[in-house]
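These notes are about the structure you will find just below.
Numbers for residues simply follow the sequence, beginning at 1.
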Amino acid sequence: MFIAQELRKKNIAEYLLYMWQVEDTIRAFGCSLSRIRREYVDRFDYTDEQKEEEVDWFGNLVTMMNQEGCRQSGHLQVNQVTLQLLTELHQQLLESPKYPFYNTAYYKVLPFIVELRNRGAHKEEGEIETCMNALYGVMMLRLQQKPITPNTEHAVKEISTFIGMLSDYYKKDKEEGLEF
């Protein structure tokens with residue numbers, strides 16, 4: 001919860017990746033709040049009050065995952081909405097003549113997006129979701145200490161730069177408002 005709150009303020013894409021990881025963490029503990037408390041939250045150097053807040057937060061997420069039918073796979077509605085907001089901002093930036101650097105970054109990563117879509121099972125997903133899935137997939141490979149090809153490293157570097165730019169625009173839009 002504490003990490004999520006900070007990430008949401010600083011970088012919406014990192015927040016979303018973190019929340020996807022939290023969903024997977026909950027699944028890894030069988031959606032059992034007692035296991036999450038005992039085997040996960042108790043490992044952190046939090047005060048008792050902070051641990052209770054964290055457990056309450058996880059409890060709410062477990063409840064939402066059960067209610068929304070994403071115990072096994074998929075994403076919480078709140079995370080899908082965040083992804084949709086990023087997608088809508090992406091479209092607005094592309095359609096506006098005021099953001100040529102964003103357009104340049106987009107066309108630089110477009111071949112990677114096309115290649116990922118052609119290889120993936122989810123060809124109907126949007127471009128931003130494809131990028132986020134690529135970043136999440138590589139993050140998971142790194143956590144598992146699995147090898148990543150140089151081509152994938154290059155693609156992820158470009159995608160990461162692009163998504164970072166989108167996140168910066170998202171933050172600026174929330175704080176100051178962007179003109180399209």
Quick one, Cys70 and Arg27 - any side-chain contact, counting heavy atoms below 4.5 Å? yes

Hits for side-chain contact (heavy atoms from CB on, under 4.5 Å) against Thr63, two or more places apart or cross-chain, chain-then-number order -> Gln67

Interatomic distance, CD@Glu23 vs CG@Leu76, rounded to 0.5 Å, equals 4.5 Å

Cys31 meets the side-chain contact (heavy atoms from CB on, under 4.5 Å) criterion, sequence neighbours left out, with Ile26, Val62, Arg71

For residues 126-151, the ring-ring contact (aromatic ring centres under 6.0 Å, His included) pairs (sequence neighbours left out) are Trp20-Tyr136

Do Leu110 and Glu127 make a side-chain contact, defined as non-hydrogen atoms from C-beta onward lying under 4.5 Å apart?
yes

side-chain hydrogen bond (donor to acceptor under 3.5 Å, both in side chains) pairs touching residues 159-177, sequence neighbours excluded, are Asn11-Ser167

Those residues at least two apart in sequence (or on a different chain) that pass side-chain contact (heavy atoms from CB on, under 4.5 Å) with Gln50 are Phe2, Tyr46, Thr47

### Message
Set out, in order, the CA-CA distance, both residues' side-chain angles and the distance that settles side-chain contact (heavy atoms from CB on, under 4.5 Å) for Ile159 and Val138, then state yes or no.
### Response
CA-CA 11 Å; Ile159 290 169; Val138 168; over 6 Å; no

Let me check something: any side-chain donor-acceptor pairs from residues 12-19 under 3.5 Å, sequence neighbours excluded? List them with distances.
{"from": "Tyr15", "atom 1": "OH", "to": "Arg8", "atom 2": "NH1", "distance (Å)": "3.4"}

Across all chains, not counting sequence neighbours, the salt bridge (Lys or Arg N to Asp or Glu O under 4.0 Å) partners of Glu53 are none

Salt bridge (Lys or Arg N to Asp or Glu O under 4.0 Å) filter on Arg35, not counting sequence neighbours, yields Glu39

Across all chains, not counting sequence neighbours, the salt bridge (Lys or Arg N to Asp or Glu O under 4.0 Å) partners of Lys10 are Glu6

Is there a side-chain contact (heavy atoms from CB on, under 4.5 Å) between Met139 and Leu135 once you walk through the steps? CA-CA 6 Å; Met139 185 175 82; Leu135 295 174; over 6 Å; no

For Ser73, the side-chain contact (heavy atoms from CB on, under 4.5 Å) test, sequence neighbours excluded, returns none

When every non-hydrogen atom of Ala134 is compared with those of Leu116, the smallest separation belongs to CB-CD1, 3.6 Å

- Query: Is there a donor-acceptor pair under 3.5 Å between the side chain of Glu68 and the backbone N or O of Gln77?
  - Reply: yes

Note, Glu129 side chain near Thr87 side chain (heavy atom, < 4.5 Å):
no

Interatomic distance, CZ@Phe112 vs CZ@Phe162, rounded to 0.5 Å, equals 12.5 Å

Going through the checks in order, is the side-chain contact (heavy atoms from CB on, under 4.5 Å) test met by Met132 and Ile163?
CA-CA 8 Å; Met132 295 299 291; Ile163 292 295; 3.9 Å; yes

CZ (Arg38) and CZ (Arg43) are apart, to the nearest 0.5 Å, by 13.0 Å

Rounded to the nearest 0.5 angstrom, the CE-CG distance for Met1 and Leu61 is 10.5 Å

Notebook entry, point to check: Does any non-hydrogen side-chain atom of Lys108 lie less than 4.5 Å from one of Glu158?
Noted result: yes

- Query: Is Arg37 close to Glu52 at the side-chain level, that is, under 4.5 Å between some pair of heavy atoms?
  - Reply: yes

Quick note, side-chain hydrogen bond (donor to acceptor under 3.5 Å, both in side chains) partners involving residues 140-157, not counting sequence neighbours, are Arg142-Glu153, Gln144-Lys146, Thr149-Thr152

Between His90 and Tyr102, what is the ring plane arrangement, given parallel below 30°, perpendicular above 60°, and tilted in between? perpendicular

*Find out whether Leu178 and Tyr99 are in side-chain contact, i.e. whether some heavy atom of one side chain is under 4.5 Å from a heavy atom of the other.*
yes

CG (Leu166) and CG (Leu86) are apart, to the nearest 0.5 Å, by 5.0 Å

Paired with Glu88, the side-chain hydrogen bond (donor to acceptor under 3.5 Å, both in side chains) test is passed by just one of Gln92, Gln91, Gln84, namely Gln84

Applying salt bridge (Lys or Arg N to Asp or Glu O under 4.0 Å) to Glu54 and not counting sequence neighbours gives none

Quiz item: Step by step, would you call Val22 with Trp57 a side-chain contact (heavy atoms from CB on, under 4.5 Å)?
Solution: CA-CA 11 Å; Val22 166; Trp57 182 69; 4.1 Å; yes

Note to self: Any heavy-atom pair between the side chains of Leu143 and Gln21 that's under 4.5 Å?
What the structure shows: yes

**Prompt:** Does any non-hydrogen side-chain atom of Ile36 lie less than 4.5 Å from one of Val55?
**Reply:** no

